[in-house]
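What follows is one structure encoded as structure tokens, with my remarks underneath.
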Amino acid sequence: MNDGMNDGTANEARITDSDLTTESYEAIPLPDRRSFTDVEMAERAAKFLEEAKTRHSIRDFAPTPVPRMVIESCILAAGRAPSGANRQPWHFVAVGDPEMKRRIRQAAEAEEKAFYDGKAGDDWLAALAPLGTDDEKPFLETAPWLIVIFAERYGVSADRKIVKNYYINESVGIATGMLITALHCAGLATLTHTPNPMRFLNEICGRPENEKPYMILVAGHATEDATVPKHAKRKKSLDEIATFC
């Protein structure tokens, strides 16, 4: 796995895990133990499935404000995700400032224009056609919140030494999924947006070189006349996505 240890770190010494770890393994009783009957588990699982079925990616966001405390709680929930060696290699920048959102939109649309003008290739554009996407991204300004997710390619200690992270993409992916789910359960709509390349986000959001932009997650309320592509409602069946042995 490429953990980016050689990018932008010429003036930083490497710190090993043995240098970093000052505490030994100590087991504690399982906190927050939960126990349900088979019937209760089935009911809870079915209820969550019905909740998940109501999640839709949208592009029609209303400018209706969303309290910061809602976003804070959802980010804290995402921060509970498991991660390689418990390094928690993520950082979330919650952007509510209109000027920052405008700058993000301008930079993202510049990359998207190049993408739709030929950079993507015919096959990719054909795959996107049923979703009705294009290079215009007004939702980046309209939605009350943009949560820019960064993957920490390596950590930097207080004395400027490099700390290696593990399973970075997997860890950040899990946290992102939990964030999307938390926002949905709070009653908000979301959209994942990944312009390519995304390094402009480091500058706009003031994030260091060791963090790589992972995704822009748009969050807010849907407009009264919001739509979704019919194609997006086509989900694979259980037999197509799972095998039981």
Less than 4.5 Å apart, any side-chain heavy atom of [X] and any of [Y]?
X    : Y    : answer
T142 : T223 : no
P130 : P229 : no
V95  : I147 : no
E51  : H184 : yes
S24  : E26  : no
V172 : M215 : no
E141 : P98  : no
N210 : E152 : yes

How long is the straight-line distance from [atom2] of [Y] back to [atom1] of [X], given to the nearest 0.5 Å?
X    : Y    : atom1 : atom2 : result
L183 : T190 : CG    : OG1   : 6.5 Å
K53  : K233 : NZ    : NZ    : 9.0 Å
I104 : Q106 : CD1   : CD    : 11.0 Å
I75  : H91  : CD1   : NE2   : 8.5 Å
E111 : T194 : CD    : OG1   : 12.0 Å
S57  : H193 : OG    : NE2   : 13.0 Å

(Q) Between W124 and F115, is the ring centroid distance below 6.0 Å? (A)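 W124 vs F115: aromatic centres under 6.0 Å.
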**Q.** Verdict with supporting geometry, T181 and F48, side-chain contact (heavy atoms from CB on, under 4.5 Å)
**A.** CA-CA 11 Å; T181 304; F48 183 78; 3.9 Å; yes
Quick one: do [X] and [Y] end up in the same hydrophobic cluster if we chain Ile, Leu, Val, Met, Phe, Trp and Tyr together by side-chain heavy atoms under 4.5 Å apart?
X    : Y    : answer
Y214 : I180 : yes
L179 : L188 : yes
L131 : Y116 : yes
L140 : I204 : yes
M100 : L146 : yes

Exceeds 12 heavy-atom contacts within 6.0 angstrom, atom [atom1] of [X]:
X    : atom1 : result
K212 : NZ    : no
E99  : CD    : yes
E240 : CD    : yes
D117 : CG    : yes

Q: Describe, in one word, how the ring planes of F139 and F61 are oriented to each other, choosing from parallel (under 30°), tilted (30 to 60°) and perpendicular (over 60°).
A: tilted
Q: For side-chain contact (heavy atoms from CB on, under 4.5 Å), just list the numbers for F92 and L217, CA-CA rounded to whole Å, side-chain angles, deciding distance to a tenth of an Å, and then say yes or no.
A: CA-CA 10 Å; F92 305 93; L217 186 60; over 6 Å; no
[X] (side chain) donor-acceptor with [Y] (main chain) under 3.5 angstrom:
X    : Y    : value
S73  : V70  : no
K101 : A143 : yes
E109 : K137 : yes
K235 : A232 : yes
S171 : G84  : yes
N165 : I168 : no
W145 : I71  : no
N202 : E211 : yes
R87  : K164 : yes

Q: Before giving the answer on side-chain contact (heavy atoms from CB on, under 4.5 Å), spell out for V228 and I58 the whole-Å C-alpha distance, their side-chain angles and the decisive distance to 0.1 Å.
A: CA-CA 6 Å; V228 297; I58 69 161; 4.1 Å; yes
Q | Pair S157, D159: side-chain N/O donor-acceptor within cut-off below 3.5 Å | A | yes
Ion pair [X]/[Y], N-O distance below 4.0 Å:
X    : Y    : answer
R68  : E72  : yes
E112 : K119 : no
K47  : E50  : no

[X] and [Y]: which non-hydrogen atoms are nearest, and at how many Å?
X    : Y    : value
V148 : C205 : CG2-SG, 4.0 Å
A77  : A182 : CB-CB, 4.2 Å
A81  : W90  : O-CH2, 3.3 Å
P89  : S83  : CD-CB, 3.8 Å

